[in-house]
J.: 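Sharing a structure, written as C-alpha cells. Questions coming.
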Amino acid sequence: MTEPRVGDRGSSRSYFDFFRHLSTIATVVLVVVLVLYRDLYLDPVLALLSLAAFGVCALASFYGMFVAMEDAPLEKSGSLLKRLLYVAAAGLAGAVLCLIAGIAVSMF
C-alpha cells in the first residue's frame with residue numbers, strides 16, 4: 001500500500017477510508033470475542049485484554065476519522081493521522097493476539 005502524499009486532499013479521504021475499514025474489522029473482532037467468550041468459556045483476563053485492545057483501536061479509528069474530515073491541510077494533521085493509524089493497527093493486532101491466546105488457553 002502506498003503512503004498518501006502530503007498536501008493531497010485525496011489522501012485525507014484515503015485515511016478516512018482506512019480508519020473506517022479498520023473500525024469495521026475491529027467491530028467484527030469484538031463480536032467474535034463476545035461469542036467465543038460465551039461459547040468457549042475463554043479466560044476472563046484474556047477476554048478483557050482483548051476488549052481493551054478493541055477499545056483502543058475503536059477510539060483511535062474514530063478520532064482518526066474526525067481528524068481526516070477536518071478542513072485543515074494535511075501538512076498539519078498528517079503526522080497525527082499516522083500516529084493514530086499505528087495505534088489503531090496495534091490495538092487491532094493486540095485484540096487478535098489476545099483472542100488467539102484465549103482460545104489456546106481454553107483448549108488445554
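All values below were derived from every heavy atom in this structure, side-chain atoms included, with hydrogens, water molecules and symmetry-related copies excluded.
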J.: Provide the closest heavy-atom pair for S23 versus S61 in the form atom of the first, atom of the second, distance.
T.: CB-CB, 3.8 Å

J.: Would you kindly confirm whether V87 and I25 end up in one hydrophobic cluster when ILVMFWY residues are joined by side chain heavy atoms under 4.5 Å apart?
T.: no

J.: Grouping I, L, V, M, F, W and Y whenever their side-chain heavy atoms are under 4.5 Å apart, do L97 and V45 come out in a common cluster?
T.: no

J.: Answer yes or no: is there a side-chain heavy-atom contact under 4.5 Å between Y15 and M65?
T.: no

J.: Can you tell me how far apart CG (L84) and OG (S79) are? Round to the nearest 0.5 Å.
T.: 9.5 Å

J.: Please report the shortest heavy-atom distance between A26 and L92, naming the atom on each side.
T.: CA-CD1, 3.7 Å

J.: Do V67 and F19 have side chains that get closer than 4.5 Å, going by heavy atoms?
T.: no

J.: Would you say L22 and L51 are hydrophobically clustered, going by side-chain heavy atoms of ILVMFWY under 4.5 Å?
T.: yes

J.: Under the side chain to side chain contact (heavy atoms under 4.5 Å, CB included) test, which residues partner F66, sequence neighbours left out?
T.: M69

J.: Hey, can you pull the donor-acceptor pairs under 3.5 Å for the side chains in residues 28-36, sequence neighbours left out?
T.:
none

J.: Should the heavy atoms of other residues, nucleotides or ligands under 6.0 Å from OH of Y63 be counted, would the total exceed 12?
T.: no

J.: Are L85 and V96 connected, step by step, through hydrophobic side chains (Ile, Leu, Val, Met, Phe, Trp, Tyr) whose heavy atoms are closer than 4.5 Å?
T.: yes

J.: C98: what forms a side chain to side chain contact (heavy atoms under 4.5 Å, CB included) with it, not counting sequence neighbours?
T.: L49, S50

J.: Any chain of hydrophobic side-chain contacts (each under 4.5 Å) joining L59 to Y86?
T.: no

